[in-house]
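Scope of the values below: all heavy atoms of this structure, side chains included, with no hydrogens, waters or symmetry mates.
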There are 2 protein chains.
Amino acid sequence: MSSGRAGEPGPESDRRATIKEVAEAAGVSRSTASRALTGHGYAAPQVRDRVRAIARELGYVPDATARHLRRQASQSLGVLVSDLSNPFYAGLAAGISQQARRREYTMMLADDGGSPDVEAEVAEAFVALRVAGVIVTPVSAQVSEYLTRHRIPVVEVDRQFSAGACDAVLVDNASAARTLTGQLLQLGHRRIALVTDERHWTTGRDRLAGYRDAFAVAGVPVDDSLVVTAGWDVDAARVEVARLLDRPEPPTAVFAANNVLAEAVWRAADERGFTIPDRLSLVTFDDVSWMSMVRPGVTAVSQDAVALGEASVSQLCERIQSPTAPVRTVLLSATIVPRTSTAPPPSTSR
Amino acid sequence: MSSGRAGEPGPESDRRATIKEVAEAAGVSRSTASRALTGHGYAAPQVRDRVRAIARELGYVPDATARHLRRQASQSLGVLVSDLSNPFYAGLAAGISQQARRREYTMMLADDGGSPDVEAEVAEAFVALRVAGVIVTPVSAQVSEYLTRHRIPVVEVDRQFSAGACDAVLVDNASAARTLTGQLLQLGHRRIALVTDERHWTTGRDRLAGYRDAFAVAGVPVDDSLVVTAGWDVDAARVEVARLLDRPEPPTAVFAANNVLAEAVWRAADERGFTIPDRLSLVTFDDVSWMSMVRPGVTAVSQDAVALGEASVSQLCERIQSPTAPVRTVLLSATIVPRTSTAPPPSTSR
DNA sequence: CTGAAAGCGCTTACAG
DNA sequence: CTGAAAGCGCTTACAG
């Protein structure tokens, strides 16, 4: 589709050029013009070239809307993430965007701010637009169910709400959480807090499971009071984290389940003069830029958001190709980026 | 448009419900069904309620594509930013997304990675989709010109390439740069480097102008060798910054023109053991999260990306309403967030 | 190899 | 207040 690029002569008239005008100018029927332009079906080479030249001259850009209506197949993908201001979701969107363009899809992107109501609203807009498929970081089980009911292929990414009902691309949260927790135990920590957003989502659930596994392997009992659910709201999370650090027996290590929570822990520790790692060890999910800039750097599980985005587009395209293929869950492994935010617990705490 | 939400009974058949089926089920014509559903034109209250109930029952969601084709008016906005992985652009997209949804527009978002070729490609896709308007952080003068030629309203945001030809929403870069540079001069700095990405874009040009103004006001000559253009590529920028700090007579203060460059300066200073602010003062544009987490915190010009996004949607909607109103450039002021990354120059350098 | 015709799913003057 | 008809811009069997 190299016609109509910036730089060549534009439409002279007030209305946008249509295929009818191109056809008339070329002295052929609309059918022939269409075949010449799309390359589908026959058109004499001579005719084809003439039609294309004229289209270019007129600045003709085919109406994707009309084409979609006629073909009953859209070239747009719907993408719904929780929070574009969060670098994790932004990276995810960036990965999806790139990969979508490579496959000649345009991307309709929305941000639901974590609200199930907005999520439902956006899902309906996607149905209305008859997008070819949707990639979503779900905040409820309804989205995927709703879209599926409307025959729109869905891929759940990062979190899974509809296991078995639609495809998903996830990170191996349990295994990364297990390893990281294991390292803290190895260092001698016993009071290791897990600060998570939500425990019902697969992300929270699996990270918690990995955390528990590590304790089980080490033969150490889990102190449930150290597993805190801080929610999505940044301010509320800060309060929760502050409360945790202000306990009479504060944890000697904190495992933050995402970058927002890690930021809350970092700031709370800083305010209290809790030196990291001497007084408090910190590890987290999501390797975002500040974690390698602060001193000490924060040991983090790096989820390659861009790769996650790309994988979800691939999965979605396969699903669009083969609507009846068995549902698949793709598990991407995460990498631990060790830095210097962990140390043995303070000796008084041993 | 509360019909068809997740949760209610879905379409029974294999095909998606159309208005024809709704009309038949309700025993009315398609015309009447359409009027009942949209609320445009007359429909007996009784009929209207019956049609709506049936639509809901069938899980009918009107085809936005068909509606668009018929009405010749789209409910989608095209948005094109340079780099979603950059928190500034991500915040911008978040602001646009919110505001667009509030106005019942869906957002088609793309990321051009700073490439004029991708930019042209995306612009063409937007024309093909006949979007109602486009918001772009341009990387060339061509996009706005191309879209305008195709009768699509455009708002340039953050940077301006087509002054006078289309609307723009910008930050008052010159004034913020002037103030910040003035503060460094006031502290006694003379060798103040300005590290910028590009000098031909309005962002770079205006920040440079503000920098020069401050020198002029202070009656201090500008040392042009300290104005370095580091480009967009992160790695190349690092090399450029390293070279700057490794000069025999390094600057005593650096003014970074954006968050990526500030990160490069911060890391380079850290590697060299250049203590901030004792040995090197640092100020920057873009207040992103790490700047308030590192020690010392970095003094930054905060451009409210979300507000910028919202303002650009407002401007675009006004333009869509009034295509012939005079072109407008909206200038948003920026706020300086003072932190502790500045100090008088080291005494040996005075 | 080409063109006339039908039709994708809607909406909207228009006639009644 | 309602329905038949036209048409938005395209594509694609189908007949020639």
### Query
Out of D/dC10, C/dT12, C/dC10, which nucleotide sits closest to the side chain of A/I19?
D/dC10
### Task
Write down the distance between CZ (B/R30) and C1' (C/dG7), rounded to a whole number of angstrom.
11 Å
### Message
Could you write out DNA chain C as dot-bracket? Rules: Watson-Crick or G-U wobble, both distances under 3.5 Å, brackets [ ] for crossings, | for pairs with another strand, dot for unpaired.
### Response
|||.||||||||.|||
### Query
Taking the same atom, C1', in D/dT12 and in D/dG16, what whole-Å distance lies between them?
16 Å
### Message
Output the rounded distance in Å from CG (B/D63) to P (C/dG7).
### Response
18 Å
### Query
To the nearest 0.5 Å, what is the distance between OG (A/S314) and CZ (A/R102)?
9.5 Å
### Message
Output the rounded distance in Å from CD (A/Q75) to C1' (D/dC10).
### Response
15 Å
### Message
What is the distance, to the nearest angstrom, from the OH atom on B/Y42 to the P atom on C/dC14?
### Response
15 Å
### Message
Heavy-atom nearest nucleotide on DNA chain D for B/V47 versus B/R71: which residue maps closer to 5'?
### Response
B/V47
### Query
Which one, D/dT12, C/dT2, D/dG3, comes nearest to the side chain of A/A43?
C/dT2
### Message
Check the phosphate of C/dC10 against B/S34, side-chain N and O only, distance under 4.0 Å to OP1 or OP2. Yes or no?
### Response
no
### Summary
Closest to the side chain of B/S29, out of C/dC10, D/dA4, D/dC10, is D/dA4
### Task
Mind calculating the distance between CG (A/L69) and C1' (C/dC8) to the nearest angstrom?
4 Å
#### Entry: Sub-4.5 Å side-chain heavy-atom contact between B/L316 and B/D167
no
### Query
Parallel under 30°, tilted from 30 to 60°, perpendicular over 60°: which one fits the rings of A/W201 and A/W232?
tilted
### Query
So do the side chains of B/V143 and B/F161 get within less than 4.5 Å of each other, counting heavy atoms only?
no
## Note on the structure
Considering only heavy side-chain atoms of A/A44, the closest of D/dT2, C/dG9, C/dT2 is C/dT2
### Contact list for residues 23-43 of chain A, test salt bridge (charged side-chain N to carboxylate O under 4.0 Å, His left out), sequence neighbours left out
none
### Message
Which is more 5' along DNA chain D, the nucleotide nearest B/R130 or the one nearest B/G41? Just name the residue.
### Response
B/G41
### Task
For A/T65, answer base if it contacts any base atom (sugar-phosphate contacts may also be present), sugar-phosphate if it contacts only those atoms, and nothing otherwise; contact means non-hydrogen atoms under 4.0 Å.
nothing
### Message
Need to verify one output field. Residue with the more 5' nearest nucleotide on DNA chain C, A/G27 or B/S31?
### Response
A/G27
#### Entry: From CG (A/L129) to CG (A/L77), nearest 0.5 Å
12.0 Å
### Qualifying salt bridge (charged side-chain N to carboxylate O under 4.0 Å, His left out) pairs with a residue from residues 73-84 of chain A, counting only residues at least two apart or across chains
none
### Task
Return no unless some side-chain N or O of A/Q72 is found under 4.0 Å from OP1 or OP2 of C/dG9.
yes
#### Entry: Shortest side-chain distance from A/P45, nucleotide among C/dC1, D/dT12, D/dC10
C/dC1
### Task
Show your working on side chain to side chain donor-acceptor pair (under 3.5 Å) between B/S162 and B/E156 and close with a plain yes or no.
CA-CA 8 Å; B/S162 308; B/E156 293 187 332; 3.2 Å; yes
### Task
For A/E21 and D/dG9, give me the distance from atom CD to atom P, rounded to whole Å.
9 Å
### Query
Starting at CZ of A/R35 and ending at P of D/dA13, how long is that distance when rounded to a whole Å?
11 Å
### Task
Using atom NZ of A/K20 as one end and atom P of C/dA5 as the other, report the distance to the nearest whole Å.
15 Å
